Amino acid sequence: MTKQIRQLDRVVIRFAGDSGDGMQLTGDRFTSETAQLGNDISTLPNFPAEIRAPAGTLPGVSSFQVHFADHDVLTPGDAPKVLVAMNPAALKANLADLPPGADIIVNTDEFTRRSLAKVGYATNPLDDGSLARYSVHPVALTSMTVGALADAGVAKKDAERAKNMFALGLLCWMYSRPYESTLRFLERKFATRPDLVGANKAAFRAGWNYGETTEAFAVRYEVKPARMRPGTYRNITGNQALALGLVAAGVRSKLPVFLGAYPITPASDILHELAKHKRFGVTTMQAEDEIAAVGAALGASYGGALGVTTTSGPGVALKSETISLAVALELPLVIVDVQRAGPSTGMPTKTEQADLNMALYGRHGEAPLAVIAPKSPSDCFHAALEAARMALTYRTPVVLLSDNYVANGSEPWLLPTVDELPDLRVEFATEPNGEDGKTFLPYLRDPRTLARPWAVPGTPGLQHRIGGLEKADKTGDISYDPANHDFMVRIRQERIDGIVVPDVDVEDPDGTARVLVLGWGSTYGPIGAACRALRERGLPIAQAHLRHLAPLPANLGEVLARYDKVVVPEMNLGQLAHLVRARYLVDAVPFNQVSGLPFTAATLENMLEDVVKNA
């Protein structure tokens, strides 16, 4: 039968089901095919912290949302236009997010009396009229998958597990996605089980063919490729980009990279990715705990490597004493904090921006260091290079504040050329630097950067004392002299304050805005989308986004003074807003959310509209 093809400019799809239904894999494969087609994309994985929550329950629902378009997109989308619900729990958990008229594809095989009762449905929503405002497409995903694999030679349980591939095939048909790379992916994933390769490929093709032949789906959709800068792109998550940025930092600095890490959600993928790149001089060590991990990383820096440790908020708390030691030793160290919702164990798989104060101040004594935050998944690559630059140039620990939203989200990444990457080469101390030509002074500072010399242990003639006790200026001898301690505290702060960072850019197209929205980290996308929407409606508004949080850009005070109102949206209780108020005496207005989910553009648009109209 001939089916109508309708053009769309963008689509938001959410795949939802049990943790064991493969929704993350399904969403990832759909995203990969979409990226290959040339659409701009943004994704939002959302899954429970439990390894396996009870099947069919609301806490066990896992989802993956993908927003793809023929133009640039900044967020994973506020509300899905399409929901694929693999069971009643997935439907109930996500129904409130759907706009009227949304398409719901439901796996009718799972809507049994027991499954409905498990999530509190007294009647079947597919029959009682409660979904009348949506376009519901009942599909017997499980039984059709089992039927399609009747001759595949796999057990019924394995056949049922392939229903996510049936759903993926159907969605790829509906939205005219290519599928060749998914078939190749299945061959790699199940290489040791040829029967599962055949079963999953057959399930995928069955889903595609169902869409092609059934009368239930009369329309097929197309979303044209987006106009993007020329070059080679790949789809990448924030954690992958950050890991590759660290690899690139090692290559550009000509230093070995050492990662000391203890597995913790949501930072573990950085360890997994870096472990694949030994050929680039990367060494990874899964330590016995967080303290051992950072100690090993600092030891690697002492030995002449680029030391890195990755963790999330609870791990940073455990590492704080060793980070303070790195401040006193004045050695390069990159500390990656992939923030999650706290306090304590909190919600490990949910996002938050609540570690800013800890990154800035969470150490004993006056222990200043540099802090940087990427704004998007692909920006994690460049943020890692920048963190390495600051650490190596100024001999300081640097905290890189990612978060769960950025780390697990994905977007197209334009691969840079090698010439675009910064030259990070360092000069180690190779000979005595004292006036007598025989003495090595480990705290004799570079007059430009205030960094002390970096001497690889074992270099002849450069013996020096190292440790956490206060050191005397220049000589590095242990010192309890009050004046010396005062000097060392102040010079360490001056070294951080003197780090050269780019000025903050302001997006204010016509220069008439009276309201500035100031953000940092992963709020870039929702803020940008909200500001774009307001400008399209004729409301002037300016946006500035901070990558460097310590030191702050030199022009930030002047930028803030230009505007009548400064609004600071954050996924915390106002940590940057408080800092801006204290530092610049600006009446920054905080707008805060700590729900474990990123801001929606619509939420920010509504709030900012009121601020602009009343400014």
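Here, residue 1 is the first one in the sequence, and each next residue gets the next number. None of the values given here were measured: they were computed from a predicted structure.
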_Option passing side-chain hydrogen bond (donor to acceptor under 3.5 Å, both in side chains) with Thr182 (candidates Gln36, Glu33, Glu187)_ = Glu33
_Residue that, paired with Leu259, satisfies side chain to side chain contact (heavy atoms under 4.5 Å, CB included) out of Leu246, Val336, Thr284_ = Thr284
*Counting only N and O atoms by type, is there a donor-acceptor contact under 3.5 Å from the side chain of Gln593 to the main-chain atoms of Asn572?*
no
_Holding to side-chain contact (heavy atoms from CB on, under 4.5 Å), I want the full list of residues that pass it with Arg133, two or more places apart in sequence or in another chain._
Pro100
*Please list, chain by chain and in numerical order, all residues satisfying salt bridge (Lys or Arg N to Asp or Glu O under 4.0 Å) with Lys92, sequence neighbours excluded.*
none
_Could you work out, with ring-ring contact (aromatic ring centres under 6.0 Å, His included) as the rule, every residue matching His382, not counting sequence neighbours?_
none
_Short side-chain donor-acceptor distance under 3.5 Å, Thr145 and Thr142_ = no
*For Arg193, check salt bridge (Lys or Arg N to Asp or Glu O under 4.0 Å) against everything at least two apart and list the hits.*
Asp158, Asp195
*Partner residues of Thr349 under the side-chain contact (heavy atoms from CB on, under 4.5 Å) criterion, sequence neighbours left out*: Phe47, Ala49, Thr265
*Quick one: list whatever passes side-chain hydrogen bond (donor to acceptor under 3.5 Å, both in side chains) with Thr523, sequence neighbours left out.*
none
_According to ring-ring contact (aromatic ring centres under 6.0 Å, His included), who are the partners of His277, at least two apart in sequence or on a separate chain?_
none
*Using side-chain hydrogen bond (donor to acceptor under 3.5 Å, both in side chains) as the criterion, list what pairs up with His272, not counting sequence neighbours.*
Asp269
*Non-neighbouring partners of Phe68 that pass ring-ring contact (aromatic ring centres under 6.0 Å, His included), sequence neighbours left out*: Phe30
*Can you list the residues that meet the side-chain hydrogen bond (donor to acceptor under 3.5 Å, both in side chains) rule with Lys189, with sequence neighbours excluded?*
none
_salt bridge (Lys or Arg N to Asp or Glu O under 4.0 Å) contacts in which one or both residues fall within residues 342-355, not counting sequence neighbours_ = none
Atom pairs and distances, donor-acceptor, side-chain atoms in residues 116-125, under 3.5 Å, two or more places apart:
{"residue": "Lys118", "atom": "NZ", "partner": "Ala55", "partner atom": "O", "Å": "3.1"}
{"residue": "Thr123", "atom": "OG1", "partner": "Asp128", "partner atom": "OD2", "Å": "2.6"}
{"residue": "Asn124", "atom": "OD1", "partner": "Leu126", "partner atom": "N", "Å": "2.9"}

